[in-house]
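Notes to accompany the following structure.
When a ligand or atom number is given, it counts from 1 through the structure's own listing order. Here the structure is a predicted model, which is why all the values come from computation and not from measurement.
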Amino acid sequence: MDAIKSNYDIHVIDCHYLQPGVAASFLMVEKDEALFIENNTANAHRILMDALESKNVKPENVKYIIVSHVHLDHAGGTSALIHACPNATVLAHPRAVPHIVNPEKLIAGAKAVYGEEGVKSLYGEIDPVDESRVRAMKDQEKIVFGSRELCFIHTPGHAKHHMSIYDSKSNSVFAGDAMGLGYPALQTGIRPFVYPTCSPVQFDPVESKKSINRLIQTGADKVYLTHFGLFSDFKACSDMMIDYCDKLNLIILSAIDEKIEGNQIDQYCTEKFREFFDGEVLLRGIEFSDEMIKMFNLDNQLNGAGLGCAVRRIMKSV
Ligand SMILES: [Zn+2]
């Protein structure tokens with residue numbers, strides 16, 4: 001199966017979300033048992049089940065379905081997967097659990113952005129998951145899975161319902177969105193490019209930085225990003241992220257300082273984010289395909305709107 005890359009019994013699955021190399025799910029296998037970290041959307045369900053079959057694991061032997069947070073490109077396929085894996089338990093951040101049990105708000109939020117048909121085609125069906133099948137993971141809580149121990153670390157910043165997972169066997173962290181975006185298309189320049197994803201409405205660069213420091217403390221030397229895959233140089237990634245969290249925080253503070261108001265806030269933040277992004281792309285000599293340009297245009301707009309949310313939040317609180 002071309003979509004799978006493996007290391008330490010961790011299989012990186014390309015979920016073909018929008019296009020290849022955008023969103024991953026991770027399949028961890030220990031003897032005849034398995035777990036998934038991230039499940040993308042219900043549209044990726046067949047890809048995940050095929051990956052499981054290719055590793056000779058029965059759906060009944062999937063023990064856990066772990067989600068870093070409930071954004072729908074990470075957890076949109078939870079109900080489809082739990083249905084297919086009758087003995088699996090969903091592990092999630094305590095703030096994420098209510099949205100998995102009752103996804104109404106998530107779906108309504110997505111519909112407000114993409115419309116009813118858009119949500120269906122992008123994410124497929126999202127059903128409630130029975131409460132008895134979902135377990136809230138405390139900060140620093142650990143589980144043993146085969147020959148490895150997994151430690152769950154609350155990592156707010158990208159979202160308040162975000163957790164990351166440290167794996168003892170590979171000495172790596174599954175960082176969801178807490179260590180940023182690092183699509184393969186961003187790694188084609190003279191050095192890697194990973195940057196914070198500031199999606200609305202909870203992005204907070206100060207909290208992000210604290211979370212990255214918590215992940216550094218695990219001693220991990222590798223990181224798995226949902227967008228996308230294994231980064232074998234944890235330090236390069238965390239250094240970049242800390243630097244960029246500071247830069248993005250400066251955009252937020254300058255919008256406040258310059259007394260930008262109303263609709264102008266999102267416009268200001270999007271322009272500043274674009275300047276940041278284009279500058280870093282230019283520095284590295286990265287060239288994008290037309291498809292990627294389209295995707296980054298949308299992504300950058302979303303990042304600008306996320307910075308705008310942070311500006312409004314701070315303005316309200318002062
Ligand atoms: Zn997210």
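- For the Zn ion (ligand 1), protein N, O or S atoms under 2.8 Å: 4 in total.
- Within the 3.5 Å criterion, the main-chain N or O of L307 finds no donor-acceptor partner in the side chain of R312.
- Residue pairs meeting the ring pair (Phe, Tyr, Trp, His ring centres under 6.0 Å) criterion with at least one member in residues 41-71, sequence neighbours excluded, are H69-H71, H69-H74, H69-H158, H69-H161, H69-H162, H71-H158, H71-H161.
- Pairs passing the salt bridge (Lys or Arg N to Asp or Glu O under 4.0 Å) check and including a residue from residues 78-106, sequence neighbours excluded, do not occur.
- Take K160 and apply the salt bridge (charged side-chain N to carboxylate O under 4.0 Å, His left out) test, not counting sequence neighbours, and it matches no residue.
- Using a 3.5 Å distance cut-off with no hydrogens or angles, the side chains of Q301 and T270 do not pair a donor with an acceptor.
- Between F296 and F288, the ring planes lie tilted relative to each other; the angle falls in the 30° to 60° range.
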